[in-house]
Peer 1: 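Dropping the structure in here first, questions after.
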Amino acid sequence: MSHRLQQGESGGWTGWRGAARRLTRRVEAWMGGEPSQEAVPDEGRLLRARRADMQLPVAEQFDALALSGGGIRSATFSLGVLQALAEAPRETAEPGPARPPSGFRDSMLARFDYLSTVSGGGFIGAFLVGLFVPGRLQRAGSGADDAEAAADRAQAVLASGPPERIRSAMLRGETALLRAPLAWLRENGRYLTPTGTGDFVYAAAMGLRNWVSLHVVIGVALLLALTLGAAVRSALLGQLGEGLLSGLETRFLGRALQGLAALKAAAACTGQCPAPSLTGVIWWSSLLPLALAPLVLWVVPTGIAFWTTSRRADGVSRPVNRSMLGMSLAGGIFAALAWLGTGDTARLQQVWAGLVAVTLFGVALHVVLAMFEPGARLQAVTLTRWLGGGLVMTGVLLLLGVVETLGHTLYLLTLAHGAWLPSVPAALGAAVAWVAKQVGAAGSGAAKSASKGWLQRLPLSTLSGAAGLAVLLLIATVWAWCVQWLAWQGEAPSVPAMGSVAHLKLLLLHALAWLLLAVGVGQFPAFINLSSLQSFYAARLIRTYLGASNGARFDGDARHLSAAEPLPGDNLPLDKLYAGGQLTTWAPLHLVNVTVNKTIDPAEQLVQRDRKGQPMAVMPYGFSIDGWRNLFKPLSGRLPLNPPMHLGDWVGTSGAAFSTGIGRETTLGMSLLMGAANVRLGVWWASGVHDAPSPAWWRLGVWLGRGLGVLFRTQTYLSYEFTARFYGLRRRWQYLSDGGHFENTALYELLRPQRRVGFILASDNGADPDYRFDDLANLIRLARIDLRTEICVVSDFRGWQPLRDVFGTTTQFSAEAGHANPAALLLRAQGLPGEDGVSPPPCWIVLLKPSKQPGAPADVLQYASTHPAFPQEPTSDQFFDEAQWESYRSLGQHVAARVLAPEVRRALEKFMAGETPPAVSPGP
């Protein structure tokens, strides 16, 4: 028997414990367990194998391309940069002009091992990666394809010249097919509404449907809460009869019915009639005065327990001390006064009895807490937190009382004016949501940095919270009206009927129906993502940018030439890029950067309150959250909220700029507004990681919370969104949004020492109308704090004239037309010495910056003269016309061509190698 127990077989306590562990694992797997622990490949090995397959030399360090966030502005400018790279040779002959590349391996594109993107940079990055997939951009029946042929085709597409119009000739012939992808991108500059009015109607219909559905889900929970409250009140009225509650209801309802009668009389009066008073029809909710109960029954006792806390010299709390004895004595005095009270002093006697109960409860709280929490300081902190919880409960009851008061009053007004009246607050709520949506989008995230004038001076967080609360109150009023209409069925209410058994049974029946419906909604967590705007947003990005590399779009069927219509091959499964432990294309290894929102984490107070998010990088074979230090796992495993996401889905998540969680810009007011207006582009996703707190005395609460979370999972995570409570890895599902909410240049992940990146060509396309380089400053701080890497701007180019003509400093960029702006910055990132005292090799960064360039093409200069904000127009502008799109693309190509000029590249390579400039003779 003992051997069997040691082996853990069933029998006795050990068997039951093993069964319990197995059951717990099954429950946790059902709630969203960890993914399978596959071996995550080494990036360095993959990249060296890729270079060997391309027959290119393998160096100690890797090169990378980084495309920053900035919406369609960044995507279009970066397209011009990619075209310049495709047209530039990989190596520059010296001396003499550079020879045009004959294929992918001869082009500058072949130098880059990594591609890191954020938001808008990811749009065009996905397009680039899609071009490299064998057989993707190919006519049906064209025969076998391999990685080399696909890479040559990708280079030919980008080097095919300026984008043309979509022509019927492009539907025939391989040569014409190479010009079709760029033409497709140009034709879909308005990627959200490519067909105009029809798409606006489609988007409006989808937005209205999702907004109504969201508030129905919220309304079911509110119906349950209000109906249960009404049932409890009915039960108390039936049991207590005459009393405080009966008096409150009689007074409130009586005055409201008198006001209703006066309102009806005024409406029927034809002569000289007194003006009716709408305030007299207000049927106040008894929850408003009863909201004081938590103050009396919880807040006051916790305050008494706090002041009875006493500690010894060693910091241990003493359960029995002078303060506790004094409070107990006061309770005894109150009890004596209550016992002596008779006759006309019965009400005073009740007051003394209440003081006895509150005082002794506070003393008992102190004694019990001192037994479980001997530390006096921790006991004081716990009591203060309990005090805050009581105040929150009071606020919740007051809010429910206000909602119920509005619903009561609306029901009485309906009796006087008809059943159409509830449509008024619903319409007002929709109107306020629409207006607040426009203002909120203009004042949040990336658009905020590009807006000027009066909008920046407004307290947007406060105004957003007020607008969001107004929307929720207006909609909640309609749901509160529904409770009254179902309870009274169009009849006038009365206090005796309110306390009847029949009324109580009706309310309980309704509460059961709402409970079952709420539990049913709670078991459909996919609603959280389906009700947002993310699916529409990601679908349009996929059809536009990944559809451009889908050869089926150009198969001769004119219906396939509309980005409003999906095609099965548009999206790109990640196994097309990585399979069998190897990269399957010659595309650079794509890092898609997103943000894991985190506003609550006791372990990182400063970081959590300032950053409000963690970096997450998605590769074709896995993902990392906050780098190798914390987590690095494969993408496989159970995803309870959504199926495994393809490249287009991740890119859409990386571009989720406007939502309830927006990283460091997240505020309660903005989350409340965006939630109420359903401006939600973020994604809830199960990473398979869960770091739930497990203190011993919290276990019961944790299990109860898990049980409620299972029953009402949908409502729980929606409440997190509305209240800006994002726990990061402390919850089973994480809220993902725009990677720019953490770091917008896409350089952060490339600077990790493990990746050994030595050269990066980056494009800083974030909205920066005043050229303050906010994104660069943020990167410098993050690299210094997190990666122990210092980044400095190189400014000394004495003797290097080609470099002086191209590179500048942050102060040399200007928004003025005709200003001789440099094309880029040269940055040097140097990691601090390791434990062995050896410093890692530096990483050189060429940072391209969109700016007015005097040598740009004439059409770009004309557009800049008529559009003063160019090339830093607001990121919120996602509807580019033909001139705007071509101006950004052409500018990107021009800026990159200046940096990639043969003489500049030769000088830069010597400069980075530490050679002496030609104009300075070497010393003795």
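The basis for the numbers below is simple: all heavy atoms, side chains too, and nothing from hydrogens, waters or symmetry mates.
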Peer 1: Are Gln534 and Asp649 close enough that a side-chain donor and a side-chain acceptor fall under 3.5 Å?
Peer 2: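 The answer is no; no qualifying pair exists.
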Peer 1: Return the orientation label for the Tyr863 and His867 ring planes: parallel under 30°, perpendicular over 60°, tilted otherwise.
Peer 2: parallel
Peer 1: Got Val904 and Leu803 here, is their nearest side-chain heavy-atom distance under 4.5 Å?
Peer 2: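 The answer is yes; the side chains approach within 4.5 Å.
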Peer 1: Going by heavy atoms in the side chains, are Ile760 and Leu751 under 4.5 Å from each other?
Peer 2: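 With C-beta onward as the side chain, the pair touches.
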Peer 1: Fit a plane to each ring of Tyr771 and Phe813, take the angle between them on a 0 to 90° scale, and name the class: parallel (under 30°), tilted (30 to 60°) or perpendicular (over 60°).
Peer 2: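 Plane angle under 30°, so parallel.
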Peer 1: Would you please indicate if the ring centroids of Tyr888 and Phe870 are separated by under 6.0 Å?
Peer 2: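 Yes, the ring of Tyr888 comes within the 6.0 Å limit of the ring of Phe870, centre to centre.
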Peer 1: I'd like to know if Arg73 pairs up with Glu873 as an ion pair, taking the criterion as any Lys NZ or Arg NE/NH1/NH2 lying under 4.0 Å from an Asp or Glu carboxylate oxygen.
Peer 2: no
Peer 1: Any Lys/Arg nitrogen of Arg755 or Asp113 sitting under 4.0 Å from an Asp/Glu carboxylate oxygen of the other?
Peer 2: no
Peer 1: Centre-to-centre under 6.0 Å for Phe62 and Phe759, is that the case here?
Peer 2: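 No, they do not, as the ring centres are separated by 6.0 Å or more.
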Peer 1: If we count only N and O atoms by modelled type, under 3.5 Å, do the side chains of Asn188 and Thr544 hold a donor and an acceptor together?
Peer 2: no
Peer 1: Can you find a heavy atom in the side chain of Asp877 that is under 4.5 Å from one in the side chain of Gln884?
Peer 2: yes
Peer 1: Is there a side-chain contact between Leu583 and Leu577 in this structure, where contact means two heavy atoms from C-beta onward sitting under 4.5 Å apart?
Peer 2: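 No, too far: nothing below the 4.5 Å cut-off.
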Peer 1: Kindly assign one of parallel, tilted or perpendicular to the pair Phe797 and Phe807, based on the angle between their ring planes and the thresholds 30° and 60°.
Peer 2: parallel
Peer 1: Can you find a side-chain donor-acceptor pair between Thr810 and Gln812 that sits under 3.5 Å?
Peer 2: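 Note: Thr810 and Gln812 side chains miss the donor-acceptor criterion.
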Peer 1: Take Thr745 and Val118, measure what side-chain contact (heavy atoms from CB on, under 4.5 Å) needs, and give me the verdict at the end.
Peer 2: CA-CA 7 Å; Thr745 67; Val118 168; over 6 Å; no
Peer 1: Considering only heavy atoms from C-beta outward, does the side chain of Leu591 approach that of Val618 to under 4.5 Å?
Peer 2: no
Peer 1: Indicate yes or no: does Arg752 engage Glu749 in a salt bridge with an N to O separation below 4.0 Å.
Peer 2: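 Glu749 and Arg752: salt-bridged.
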Peer 1: With a 4.0 Å cut-off, would you call Glu882 and Arg186 a salt bridge?
Peer 2: yes
Peer 1: Would you confirm whether the ring centroid of Tyr748 sits within less than 6.0 angstrom of the ring centroid of Phe742?
Peer 2: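 For Phe742 and Tyr748, the ring centres are under 6.0 Å apart.
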Peer 1: Looking at Phe77, is Lys849 sitting on its ring face, NZ or CZ under 6.0 Å from the six-membered ring centre and within 45 degrees of the normal?
Peer 2: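 No, cation not above the ring by the 6.0 Å, 45° rule.
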